[in-house]
Each structure stands twice: as C-alpha cells, then as structure tokens.
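Shown next, in structure tokens, is the structure this report addresses.
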Amino acid sequence: MREILSRLRAAGGGLRAAISRDESNGDQLATDGGTTVTTAGDDTLRKSLPVEWELVESAPFWLPPVLLAGFFVYGAIAWNFLLSLTDYNGLGGATYANFDFSMYARMLNDGAFWHAAQNTVVLLVVFTVLCLALGLLVAILIDQNIRFENSFRTIYLLPMSLSFVVTATMWAWVYNARSGVFNQLLRLFNLEGLLVGLLRPAGVNAEVIQWLSWNTTALAAVIFALIWQFSGYAMVVFLAGLRAIPQAHYEAARVDGATTVRMYMRVIIPQLRASAVSASVVLMVFALKAFDFIYALRGSQPGANMDILATMMYRVAFDSLQWAYGSAIAIVLFALALLVIGPYLYSEYRRGEL
Amino acid sequence: MSTGTRDYVEELRDMDNSRIGLYAVLLFGIVFYLFPVETAVMTMFKTQGEFARTLPFAPPSADGFTLSALATAWNTLRPGLLNSLVMAIPATIMSALLGSLTAYGLTTISWRGQVGVVVFIIAGIFIPYQAVLVPLAQFWYQILPGLLNGFVNTVFGFITGGDWAYPSRNGYVQLFQLSITHGAYGIPICTLLFRSYYQAISDEMIEAARLDGASAFSIYRNIILPLSLPMFAVTLIYQFTQVYNDLLFALVLVNEPAAQVATQRLAALTGGVVQSFNTTMAGAIVAAFPTLLVYIVFGEQFAKGVAGEN
C-alpha cells in the first residue's frame, strides 16, 4: 500500500483523482523514481510544466525562507569576499574599486595573523580530540545502567546551556591568580611553588600562576574551559550512538570472555565512528566560533597567546576599521570551516543521510 | 561446583566494588561540571574582603555575607535582560516557523533535486559568523537605510519634504535588526531539526489527505503543524538559548547603550578595570538565569535539540 502511495505521489498533483482510478484499473503506473509516469492524460499536464509539480507546489513553503537565509548566509559571504578584494577602510561607506588580492598578500607578512592562525588550529585540534575523548568516557560510564541517569546527564550537559559570556566570566574567576579556585587549591596542597617553577615563562618574575596571560598556559586555559563547556555535548551524541548498538553485540563479546575494556575497545567503540565524526564536526565549528568566550575573557585584544582568527578579524574590522583586511581574514576562517564541513556534508549526502 | 559458586560471589563483590568506583567517578563528574557555577553562586554573596580571603567554593561567613553585589549586578543587567527577551523571543519564533515550513516543503513534499537545496541550507548552520559580519554591518547601516531613505523620500516626498532619515541610531530599530538577523541565521538549524522529525512521520496519512484533494497548505495546517508541536518545543527552547546567549551579532549591530542586550552588559561588567568578582559573578548568574530556568524546566527538549545538531 505504502509503495503504491509513494508511486502515486510521484505522479502529477492535479490529476490525483484520475490516477487513483487508474490504479484500480491495473498496473498502468510505471515509474522510474518519479520522473516519467506513463499514465494517459497525465502526460499533457506534465509536458506543460517545465518542472515537477511537487517542486511548484512546495515552493511557497521552502523558497522564501531559503532565499532569506541564502541572502544572509551566502549573499553575505559573497559580499564579504568582494569586500576583501577592495581597500575599504575607515569610517563611511564602502568603495568598490581597486580589486586585487593585496589584503591576502598582507596576511602572509603579518606576524599577528600567523599567531592567530596557529592558535586557531591548535585550539581546533586539541579541543576537539580531548572533548571527544572525555565525552566518550562519560557516555560509557552513563551507559552502565546507573541510577539517576537523567540527573547525571542533565548536570553534565548544563554548561552547554550557558552563554560563552557567562562561562568566560566564571572561568576568569576560577583562573584568577590571587584568589581563584585553582591557585588557592594548589596553595592548599603546597603545589603552587612547584607549578610556578614548571610553567613560568622565561623572563617572568611572578610568584603566582597567571593562567590567562602566561604564554605557557593561556591557550591551554581556554581549551580546558571549552572542554568543560562542550564535553557534555560529545557525551549526548555518543550516548545516542551507544544506545543504537544492539544488546546482542555486548552479549556476544561477554560470551567470548572479553573483559569490559577489551569489549569496548574491540567491539563497541569502533561502531561509534559515525557519532564521533558528526560530534567532531560540530565541536570544530564551536571552536572556530570561540570568539565570544575569548572576547568576554580578555576583550578584543587577548594578546598573541590567546588570539584566534575570529578575535583578530573582529579587532581588525571593528576596532581598527580596516574592513577589507578584516573581510580577508574572515574568508580564511570561512575556508577553514569549509575544510571541516565540506567533506562531512558530502559524505552524509553520499550515504543518503541528508 | 563450589568453585563455581565462589567465582560467582567474587564476581558479585567485584562488581559491587566497580559499581562503587563508577558512582564515585560520576560524582566527581558532578563536581567537575558544576564547580565554576557553584563558586560563582558562593562568590556573589560575599563582600569584597570576604571573597579575597576565603576559598571560592566555600559559603560566605555571617560577617562576609552581602546582597549588595547581587543588587548592583541586577541594576546593571536588568535593562539588558529585557532587551534580550524582546529581541530573542520574536527571533526564535521566526526561525522555528520558517524552519518548519522549509522542512515541510523539502521533506514531506518530495521532488527530485531537493537534497541539493537541503545541503545548501544545512551548510548554513556551520559557517563562522565572522564571514558575514562586515556585510551585515554594511547592510543594516549603509545599504538598507540608503534604499529606504531614497524610497520614502521619493514616494512620500510630499509628506516628508525629502528629509526623512531611517533611524539607524534608535535602540528599538537596532534591536529589531538584531532580531531579524538572528531569525534568519536560525533558519538552517531549525530546518534540520524539523526535517529529521518530518522524515519520521508516516506518509500514509498525508497521502490519504492528498487523495482527498487537500491542498499542500491545508495538509500543513491540519496534519503537519499539530504533529509538530513537540518538535516546536525542542526547537524553540534550543534556538532561544542560542540567540539569548550570543554576543557577536549584538556587538556588531547594537551600539546604543540603552539597547544593549544582557550578554553585552555582562561583558562590559567583566571587562571593567576593577575586578569586583562578587559583582561579576552575580552578573553571570543574573545573565544566565533565563537560560538556566529554561534548561532546568525543559532539559529534555534542550538535549534533543543538541542531539539533533549532528
């Protein structure tokens, strides 16, 4: 029944009543996936339409929102690219002239750009890998038929519901050199002196750890806080993946006498590949967007140790009013995002997951 | 036989030990995920001297307890909270409604090549917003006012006398612009959430309605929309949290102090030179309060929204 209905759906819309009569007459409804339907009478309407009827019928629903989002997303990116080719800066409107790649050439010789690019890649990779690892571990622990599972899950996911600005405010206090939690705890266990010796950058005199300004710790501190905020997300994705694995796989491994660790390493974790891929794509995108966190923590000039392309772009464009240069940096950031999501969306498309 | 029994008992005891270990680790997880929030709550009730002197996660002593930090933060953030709600609620509804319509047109009604449109729109979820910031500022501050001024002064020139100007510096106008911007950028994720939901809806009811001659709109109105209500809850909650929490768009689109949203005001509070951590922590909790409330009440829907984003 359902098959017939879906075949019917592939046929023209205006002639539904006629088609449904045809159906009862026999199998006149041959279809090759919905393009050519050899029902007499349908041909005339079909030929008069250059496109499928369903496309026409559905357009009022999806076309206006797609155009709106398309304008804001792709229109703006194209526009941004155009601006990156100009020399637009300062107050006043843009002048669309002198198109060249001088802003991109400027980047190559800009030490600040390379710092920011390096930090962005380090943040992207380290944050994503550690977040996945922690999320997987927590998901496996939660998946052990524990009591109060929902409460644990809700609490672990809670940081993700908070704004970057809120979490940055909280972490600024946690990392505070004089009275923050970390340094006070280290002091309590007499570990502060030891760590100061280990972490203190050359030429610095401080006796307390300046987590957010030392070049040895600044980026790590940001990454740690972001892992705190987003590992709950990785947990949720992995948990959904774990729940999709048939119970029989666990039982088979148990019957084979595998230990718990072996069972997870050999049987369960390999099946979580899809979850890991989709979680890492989203996490990388979060990492590229970490602007709000760093801005709330250190303002638009976080210093070379913490600067990422997102903060640099904002500073160059909106503080220094170098619009064209800012646009060019934004295009690099966009290209990075494309490197991450392009292959992902393509493989999803190939697997028919979209 | 007796060895077998002993093995079993031992296994049970081992299991108990491992269960205890498991719960210990899970409890440590609670400490890990909540300590920054807990220290913020404790610190916001402490006086300046008290928070410098005590451990951040310890509750304030009777002498060191104060509500003045909370009062200061509340007074600073209150207009921002209101602005945030006024901006975020319409933006959320707009994204959810348009996302639902888009998903309907691209899922329930199926036609060849629609996957291309789906990829086109879903890719919009993942773009870094830096890539659209300069054009956004151009659009809202240069192009749109220019076009509107020209249009209004030409068509209604006899009323305006040719000197009407789009009120770019009006706080409400800026909030409106921010709201529309968020609404538009929210369409892709809302479409994805609704699409995965609509894919699971059985075709048969819809086909039956089609055979009865129901129009696409009436199918949406009478079948899809009522079935979508749980998904609307998920989408509205998730999207509200995202919009409310954003700072970047607000920084770029809102510069009138009276129109600043909560995250902007909190960032200003934190960025101050004097580090009164009791006030900034109170500010963080006040700014987080709406989303925390939503999360505590609708945690399940939020988790679904999060899980849908992959």
Side-chain angles (χ1 to χ4, degrees), chain A residues 5 16 20 52 54-55 57-58 61-62 65-66 68-69 72-73 76-77 79-80 83 93-94 141 144 152 154-157 159 161-163 165-166 169-170 173-174 179 181 184 233 236-237 240 278 282 285 288-289 291-292 296 299 310 313 317 323 326-327 330 333-334 337 341 345 349 354, chain B residues 22 25-26 29-30 33 36 39-40 52 55-56 98 101-102 104-106 109 111-112 115 118-119 121 123-124 126-128 130-132 134-135 138 142 184-185 187-188 203-204 207 211 216 241 245 247-248 263 266-267 270-271 277 280-281 284 287-288 291 295 299 302-303 306-307 309-310:
Chain A
L5 283 171
R16 286 224 170 69
S20 75
E52 256 179 288
E54 276 74 13
L55 196 162
E57 191 189 24
S58 66
F61 296 94
W62 60 263
V66 166
L68 180 68
F72 272 97
V73 175
I77 291 171
W79 191 354
N80 186 85
L83 281 166
L141 292 179
Q144 305 300 317
F152 280 113
T154 305
I155 289 169
Y156 293 173
L157 192 60
S161 75
L162 299 175
S163 167
V165 189
V166 169
T169 307
M170 289 173 175
W173 175 221
V174 169
S179 358
V181 178
Q184 290 227 45
Y233 168 73
V236 168
V237 176
S278 63
V282 173
V285 173
L288 286 173
K289 287 181 182 175
F291 168 87
D292 282 8
M313 181 273 159
W323 306 108
S327 301
L333 198 56
F334 173 67
I341 58 162
L345 284 180
Y349 169 72
L354 284 173
Chain B
L22 174 68
V25 174
L26 288 168
I30 291 187
Y33 285 108
T39 55
L55 282 167
L98 292 180
L101 288 169
T102 313
Y104 172 66
L106 294 177
I109 308 177
W111 39 278
R112 281 216 319 162
V115 175
V118 170
V119 172
I121 190 125
F126 300 102
I127 62 150
Q130 265 73 15
V132 300
V134 178
Q138 285 286 309
Q142 309 274 346
Y185 286 105
I187 293 173
D203 283 341
E204 292 178 20
E207 288 308 329
L211 292 174
T241 309
N245 284 345
L247 172 69
L248 182 62
T263 47
L266 176 60
T270 316
F277 281 105
T280 56
M281 289 310 112
T291 47
Y295 182 73
F302 181 83
V306 164
E309 193 168 311
N310 63 75

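Numbers restart at 1 for each chain; the letters A, B, ... are given by sequence-line order, proteins then strands.
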Distance-only donor-acceptor check, side chains A:Trp173 and B:Thr39, under 3.5 Å: no

Is chain B contacted by the side chain of A:Val236, its backbone, both, or neither, given a heavy-atom distance below 4.5 Å? side chain

Go through the steps for A:Ile77 and B:Val132 under the test side-chain contact (heavy atoms from CB on, under 4.5 Å), then give the verdict. CA-CA 6 Å; A:Ile77 291 171; B:Val132 300; 3.9 Å; yes

Can you tell which part of B:Ile187 gets under 4.5 Å to a heavy atom of chain A, answering side chain, backbone, both or neither? side chain

So, the part of A:Ala94 with a heavy atom under 4.5 Å from chain B: the answer is both

Using a cut-off of under 4.5 Å on heavy-atom pairs, state which of B:Leu26, B:Val25, B:Leu55, B:Leu22 scores highest against chain A. B:Leu26

Chain A heavy atoms under 4.5 Å from B:Ile127: which part of the residue, side chain, backbone, both or neither? both

Any side-chain heavy atom of A:Trp79 within less than 4.5 Å of one from B:Val134? no

For A:Ile341, is it the side chain, the backbone, both or neither that has a heavy atom under 4.5 Å from a heavy atom of chain B? side chain

Decide yes or no for A:Leu157 and B:Tyr295: does some side-chain heavy atom of the first lie under 4.5 Å from some side-chain heavy atom of the second? yes

dist B:Ile109:CD1 -> A:Trp62:CH2 (nearest 0.5 Å) comes out at 11.0 Å

Name the member of B:Ala287, B:Ala40, B:Ala216 that forms the most heavy-atom pairs with chain A at distances under 4.5 Å. B:Ala216

Spacing of OG1 belonging to B:Thr291 relative to CG belonging to A:Leu162, to within rounding of 0.5 Å: 6.0 Å

For residues A:Glu52 and B:Arg112, report the shortest heavy-atom separation together with the two atoms involved. OE1-N, 2.7 Å

Taking every non-hydrogen atom, the tightest pair across B:Pro56 and A:Gln184: CD-NE2, 3.6 Å

Is B:Ile30 close to A:Phe152 at the side-chain level, that is, under 4.5 Å between some pair of heavy atoms? yes

Value for CG (A:Leu83) from CD (B:Gln138), rounded to nearest 0.5 Å, stands at 6.0 Å

Could you give the distance from CG (B:Leu248) to CG (A:Asp292), rounded to the nearest 0.5 Å? 6.0 Å

Given heavy-atom pairs under 4.5 angstrom as the criterion, report whether the side chain, backbone, both or neither of A:Tyr349 touches chain B. side chain

Counting heavy-atom pairs closer than 4.5 Å to chain B, which one of A:Ala240, A:Ala310, A:Ser327 comes out on top? A:Ala310

If I measure from the heavy atoms of chain A, does B:Thr263 come under 4.5 Å with its side chain, its backbone, both, or neither? both

Using non-hydrogen atoms and a 4.5 Å limit, figure out which bit of A:Val285 sits close to chain B: side chain, backbone, both or neither. side chain

Would you give the length of the straight line joining atom OH of B:Tyr104 to atom OG of A:Ser58, rounded to the nearest 0.5 angstrom? 9.0 Å

Angle between ring planes, B:Tyr33 versus A:Tyr156, binned at 30° and 60°: parallel, tilted or perpendicular? tilted

Go through the atoms of A:Leu333 and report whether side chain, backbone, both or neither lie under 4.5 Å from a heavy atom of chain B. both

Let's test your reading of the structure: which of A:Ala317, A:Ala69, A:Ala337, A:Gly299 forms the most heavy-atom pairs below 4.5 Å with chain B? A:Ala69

Separation of B:Asn245 CG from A:Ser161 OG (nearest 0.5 Å): 7.5 Å

Can you tell me which portion of A:Leu141 sits under 4.5 Å from chain B's heavy atoms? Options are side chain, backbone, both or neither. both

Assert top hit (heavy-atom pairs under 4.5 Å, partner chain A, pool B:Ala131, B:Pro128, B:Ala284) equals B:Ala131

Is chain B contacted by the side chain of A:Val174, its backbone, both, or neither, given a heavy-atom distance below 4.5 Å? side chain

